[in-house]
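See structure below.
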Protein chains: 2
Amino acid sequence: MSDQHALQQFIDFLQAEGKNITRERLDIFNEVLHQKSHFQIKDIIQKKSNSKHRISRATVYRTIKTIEEAGLIKYIRTINDEKIYETVKEHHDHMICEVCGKIMEFYDRDLEDLQNIICNSYHFTPVRHTMKIFGICEGCQKKK
Amino acid sequence: MSDQHALQQFIDFLQAEGKNITRERLDIFNEVLHQKSHFQIKDIIQKKSNSKHRISRATVYRTIKTIEEAGLIKYIRTINDEKIYETVKEHHDHMICEVCGKIMEFYDRDLEDLQNIICNSYHFTPVRHTMKIFGICEGCQKKK
DNA sequence: CAAATAATTGAGATTGTGTCTCAATTATTT
DNA sequence: AAATAATTGAGACACAATCTCAATTATTTG
Ligand SMILES: [Mn+2]
Ligand SMILES: [Mn+2]
Ligand SMILES: [Zn+2]
Ligand SMILES: [Zn+2]
């Protein structure tokens with residue numbers, strides 16, 4: 001999904017919600033798109049409180065929440081319980097290295113299928129899920 | 001595992017760590033055992049700041065952390081991101097109802113095996129994991 | 001277009017969770 | 001019993017996130 005397309009989705013969401021398309025909102029959304037794959041709100045706040053057209057902390061929080069509501073970003077929690085955001089792509093799960101903190105994404109069809117089967121057997125209708133495997137990544141194993 | 005056994009485990013841990021076995025620590029641990037299966041720290045703080053032998057907030061936090069380190073409790077995060085503690089039994093995963101907040105525990109051997117296989121294929125050594133499936137429980141489906 | 005109305009923003013106050021500090025208390029060791 | 005060490009409570013502090021409200025900016029209306 002191109003940045004342009006993502007931007008359009010955000011604009012559509014704002015319009016659908018009757019929210020104005022302001023410079024601040026677009027600015028923050030662009031900043032999100034230009035972040036590395038996993039970022040934190042404080043990164044955005046930092047960037048935006050220095051930048052040419054500075055934006056307040058409150059507005060960053062408000063807008064990140066809006067982007068989240070639009071379903072374009074979501075967060076996971078690291079070992080130290082910090083929120084790490086990522087842009088929403090296809091569904092995937094995570095492996096997180098307990099040594100270096102590296103976050104790896106993976107998707108396994110069989111795993112997903114099996115989860116649904118299990119839910120069925122509990123008469124539970126799954127809507128979404130998160131799965132995080134903590135452990136040691138290849139690099140950190142070799143180093144040790 | 002009986003409460004007595006759990007208590008003994010806690011005492012053993014304290015001794016192993018060279019920590020004193022104080023009334024406050026035992027009191028808080030007992031309170032944990034008497035909570036319903038999923039509880040929050042604020043519940044304990046509330047209970048203990050009124051009780052006959054009151055205990056300070058700081059000590060509750062300190063002791064909960066110790067019990068966590070002993071591996072006797074752990075927490076999961078709900079939809080609204082609150083920490084919910086549970087006593088550690090055999091490993092299991094969770095289904096959480098988005099309507100009524102009910103937390104169901106489940107264990108599926110095939111799912112666990114598959115996770116390990118996936119980790120292998122990524123040369124990732126798993127240590128622990130959490131998996132939460134959010135959705136709608138049987139009761140809430142019928143109600144609607 | 002100008003006035004009226006509505007939405008958004010920024011600054012700082014406030015809330016909530018958890019940790020830290022340090023003097024007083026309690027437990028353990030000598 | 002005295003000396004030493006650990007623990008506790010109270011409140012200060014740190015931090016993330018939200019809230020309040022006046023000022024600003026955008027949108028709607030006549
Ligand atoms: Mn998945
Ligand atoms: Mn599992
Ligand atoms: Zn690593
Ligand atoms: Zn339910």
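What's counted below: heavy atoms across the whole structure, side chains too, no hydrogens, waters or symmetry copies. We name chains A, B, ... by the order of the sequence lines, and we start the count at 1 in each one.
Each of D/dA17, D/dG9, D/dA6 was ranked by its minimum atom distance to the side chain of B/Ala58; first place goes to D/dG9. Closest to the side chain of A/Ser56, out of C/dG10, C/dT19, C/dT8, is C/dG10. Side chain of A/Lys42, nearest nucleotide from D/dG9, C/dA11, D/dA16: D/dA16. Closest to the side chain of B/Arg54, from the set D/dT7, C/dT17, D/dA10, is D/dA10. Side-chain atoms of B/Glu24 lie closest to D/dT8 of the nucleotides D/dT27, C/dG10, D/dT8. The listed nucleotides are D/dG9, D/dT27, D/dT8; the one nearest the side chain of B/Arg25 is D/dT8. Here the side chain of B/Tyr61 is nearest to one of C/dT21, D/dT7, C/dT19, namely C/dT19. Of the listed nucleotides (D/dT8, D/dA26, C/dT19), D/dT8 has the atom at the smallest distance from the side chain of B/Arg62.
Summarising the geometry, the separation between CD on B/Glu82 and P on C/dT15 is reported as 18 Å, rounded to the nearest angstrom. Taking atom CG of B/Asn20 as the reference point, atom C1' of C/dT26 lies 9 Å away to the nearest angstrom. When rounded to the nearest whole Å, the span between CG of A/Leu14 and C1' of C/dT8 equals 12 Å. With rounding to whole Å, A/Glu69 atom CD is found 14 Å from D/dT18 atom C1'. One interatomic measurement links the two molecules: CG of A/Asn80 to P of D/dC15, which rounds to 14 Å at whole-angstrom precision. Nucleotide C/dT28 holds its P atom 10 Å from the CD atom of B/Gln15, rounded to whole Å.
Under a hydrophobic clustering in which Ile, Leu, Val, Met, Phe, Trp and Tyr are joined whenever their side-chain heavy atoms come within less than 4.5 Å, directly or via other members, B/Leu33 and B/Leu14 fall into the same cluster. Following chains of ILVMFWY side-chain contacts shorter than 4.5 Å, one cannot reach B/Ile133 starting from B/Ile84, and the two form parts of different hydrophobic clusters.
Between A/Asp93 and A/Asp108, the closest side-chain pair of non-hydrogen atoms is not below 4.5 Å.
Phosphate proximity of D/dA26 to A/Lys19: absent, as no side-chain N or O sits under 4.0 Å from OP1 or OP2. One finds a side-chain N or O of A/Thr22 lying less than 4.0 angstrom from the OP1 or OP2 phosphate oxygen of C/dT9.
When only modelled atom types and interatomic distance are considered, A/Asn116 and A/Glu112 share no side-chain donor-acceptor pair under 3.5 Å. A donor and an acceptor atom, one from each side chain of B/Glu31 and B/Gln35, are located under 3.5 Å apart.
Residue B/Phe13 is tested with B/Glu17, B/Gln15, B/Gln9 for a side chain to side chain contact (heavy atoms under 4.5 Å, CB included); the sole match is B/Glu17.
Between A/His91 and A/Tyr107, the angle of the ring planes goes over 60°, which puts this pair in the perpendicular group of the 30/60° scheme.
Across all strands shown, B/Arg57 has heavy atoms under 4.0 Å from base atoms, whether or not it also approaches the sugar-phosphate.
In DNA chain C, runs of at least 3 consecutive Watson-Crick or G-U pairs, each pair with both distances below 3.5 Å, span C:1-30 with D:1-30.
Annotation: B/Arg23, atom CZ; neighbour count of heavy atoms from other residues, nucleotides and ligands within 6.0 Å is above 12.
A residue-by-residue look at A/Gly18 and B/Lys83 shows that A/Gly18 has its nearest nucleotide of DNA chain C further toward the 5' end.
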